[in-house]
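Predicted model, so just to flag it, every value in this text is computed and none were measured.
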Amino acid sequence: MSKIDVGYDAIPSSPRWFCAGAVSVHRGGKKIIAYAASNRVVLLTYAAPRPKLLGQFTDHRASDKVSSVSFLIAAVDLAVSGGNDGIVFLWDLTSKTSLKKHTAHAKKAITVISVTTAATVGTSEAPLDVQDSDLEQQHDNQSRRTHDVVYSADKSGVLCRWVPEFDFLERLSVASQEIISICVRRAEAPKSKEVVIIGHKGGLLSIASFPSEIKPGASTDSARSVPSVLHRLSGHAQDIQCVSWLPSQGVPIALDTMYTCNKDVCCSTSRDKSIILWNAATGLQIASACLPASKRTKTGGREKDKDGVWLAHTWITPMELLTTTLGGDILKWRVAGLSDQNSCGGVGGVSLQCVAAFPSAGRRHAVFGLLRAPQMHRSAVVAVSSDRQITLWDADGMAPISVLPTMGGHVYDIATSPLNPDLVAAACGDNLVRVWQTDHRRTYHVRTVWRGIQCRVLAVCWHPTAEDVLAYGLDDGTVGVHDVAKDRQHTASFRHARAVQCVRWVGAPATPPALLALSADGACVVHTDPRAAAAGTHTP
């Protein structure tokens, strides 16, 4: 087992929301996931019964958020990431250190990154004693040699193509609209072109092509066809949040669908709740559909919350895809009637049919990322949602395989229960207290305390004699006590003028303890146990 396959138990930082490339699955067979979390990239391994933290890449500026990450394909121990600093980093998975970077985006915030591979045009001469047949075989081997190609897009509508191995870089100004999502189709032959589908803010869909051949040592000024925009298509009314190529019919979906994608058919999903199949060669629509009406979205208020809408999708078979919904459910769609005759678009006979819906256990949490992960499980799909959980689903029945809770803010305080050392409480800046039962070996057993908490939690402390009773202090000066087992919350009647930075249970051994709280203004107050006050009794 390699060094990067060994992790440790942890509740990591929460993934970014509203980012098309925030999560990436390793494409070389390793059970590793990377995701953008605030100003860093987090690495997780799923080799153990439950996810474990491998480490973090932290070379991005602390003041700038990371928006996208992707593993390389040919160089299986490397990854790339980009963010608001406008820098694309190439870094090593083992050492978590930067190897190369480019700044071609001129400080414009990077929105999404996609990786493919291309063949190298060999230039080395054969030794004098090599026979003609050997020379031909050597040339074929050189032609089949692949290297990684990194595409990155920014808010100004610029798309960059970078080959780190040769420091080859070129730029294409696609449109003035911000680029939200991209997906690259790998070139079928060394001299063919890589085709990129590009989703923009506002609903524009662009299709661009880049020459795939690269001769080592050649510059962008050498005789070579230039990248170009093939189509600018209008079909969506709002931001295009996810794009993909349709997998080839009859070919199993590989770890990277760019190797087996359909030659011309692509898919886009938008904030306007529409799904469209396109022919990339003709620029015509093949089929379209809209999310069905849902009682959850009508009553849950998300229909009016435009900022909370995110429609992602992923292919699970060559003719089936999953999409997210406004209410947190996941829908399965089937492409019906698609053939070589009507795949050019404008003919009709092709439809997108919603064949199944998988409810999200009564929660109304938006799903911001949906990514197939076959190396984790035969039909595994990774989902990132606004409840700050990373869930590995079985796509066949949408049953959860594993659930990893994450932290949505800075951890200000932790406390271990004196009555149960396996019980750990964490005060977090996302207005939650997390209670982690660490002795569960196969799953992360984490409960959240949220009732009555409207701001950052800065301090926590377990009761010395009452099991599962936890005191906390808040940024707004509130002091509270929560019974974790009974899920009951009590708030002290006195509120501090400044943030409560420390809480402790104090008192003589023979008397019930009182609650001591220290605030940022220097005030130190002894509170009566709020539970006793609620019951009509008083602590001596």
Side-chain angles (χ1 to χ4, degrees), residues 10-14 38-39 62-63 388 405-438 445-540:
I11 302 178
S13 302
S14 177
S38 187
N39 58 0
S63 58
R388 305 194 187 280
T406 62
M407 296 287 190
H410 183 77
V411 178
Y412 292 94
D413 193 15
I414 58 172
T416 302
S417 171
L419 304 179
N420 182 2
D422 292 322
L423 205 59
V424 178
C428 196
D430 60 355
N431 305 356
L432 295 173
V433 177
R434 287 170 176 80
V435 180
W436 181 11
Q437 188 76 37
T438 59
H445 190 272
V446 178
R447 290 170 288 184
T448 57
V449 178
W450 56 271
R451 297 182 187 277
I453 300 178
Q454 303 295 329
C455 58
R456 295 182 300 169
V457 187
L458 303 182
V460 287
C461 184
W462 289 98
H463 196 285
T465 57
E467 191 173 2
D468 294 329
V469 175
L470 180 70
Y472 58 83
L474 304 182
D475 192 31
D476 63 359
T478 301
V479 174
V481 174
H482 190 89
D483 190 320
V484 178
K486 299 178 181 179
D487 194 20
R488 293 179 181 174
Q489 182 264 346
H490 305 278
T491 303
S493 57
F494 177 82
R495 174 177 289 188
H496 292 255
R498 299 286 298 276
V500 177
Q501 298 178 329
C502 180
V503 289
R504 292 291 184 271
W505 294 96
V506 296
T511 61
L515 190 56
L516 177 67
L518 177 65
S519 58
D521 59 359
C524 187
V525 179
V526 178
H527 296 265
T528 299
D529 186 342
R531 296 175 303 143
T537 61
H538 298 279
T539 302

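Between R456 and D475 a salt bridge is recorded (basic side-chain N to carboxylate O distance below 4.0 Å).
Between the CG atom of L515 and the CH2 atom of W505 there is a distance of 5.0 Å, given to the nearest 0.5 Å. The distance from atom CG of L474 to atom OG1 of T491, rounded to the nearest 0.5 Å, is 8.0 Å.
The nearest pair of heavy atoms linking C461 to A415 is CA-CB, 4.3 Å. For the pair V446 and W436, the tightest heavy-atom approach, listed with the atom from each and the gap, is CG2-CD1, 3.8 Å. Between A517 and V479, the shortest heavy-atom distance links the atoms CB-CG2, 3.8 Å. G408 approaches R434 most closely through the heavy-atom pair N-NH2, 3.9 Å. Of all heavy-atom pairs between A425 and V460, the closest is O-CG2, 4.0 Å. Closest non-hydrogen pair, V449 versus I453, comes out as O-CD1, 3.6 Å.
Side-chain contact between R388 and T406: present, with at least one pair of heavy atoms (C-beta onward) separated by less than 4.5 Å. The side-chain heavy atoms of V481 and V469, taken from C-beta on, include a pair separated by under 4.5 Å. Looking at heavy atoms from C-beta onward, H496 lies in side-chain contact with H527 at the 4.5 angstrom threshold. Side-chain contact check for P464 versus P513: some heavy-atom pair is nearer than 4.5 Å. Two residues are said to be in side-chain contact when any heavy atoms from C-beta on lie closer than 4.5 Å; Q437 and R447 meet this criterion. D468 is not listed as a side-chain neighbour of V435, based on a closest heavy-atom distance of 4.5 Å or more.
Looking only at atom types and distance, the side chain of D487 has a donor-acceptor partner in the side chain of H482 under 3.5 Å away.
Checking side-chain atoms of H463 against main-chain N and O of T465 turns up a donor-acceptor pair under 3.5 Å. A donor-acceptor contact shorter than 3.5 Å is absent between the side chain of D413 and the backbone of A459.
Residues passing the salt bridge (charged side-chain N to carboxylate O under 4.0 Å, His left out) test with R504: none are found, sequence neighbours excluded.
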- Message: Under the criterion side chain to side chain contact (heavy atoms under 4.5 Å, CB included), I'd like the reasoning laid out for L518 against Q501: C-alpha separation, chi angles, the key distance, then a yes or no.
- Response: CA-CA 6 Å; L518 177 65; Q501 298 178 329; 5.7 Å; no
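Listed by first then second residue, pairs satisfying side-chain hydrogen bond (donor to acceptor under 3.5 Å, both in side chains) with a partner in residues 415-424 number zero, not counting sequence neighbours.
Other residues, nucleotides and ligands contribute at most 12 non-hydrogen atoms within 6.0 Å of the CD1 atom of I414.
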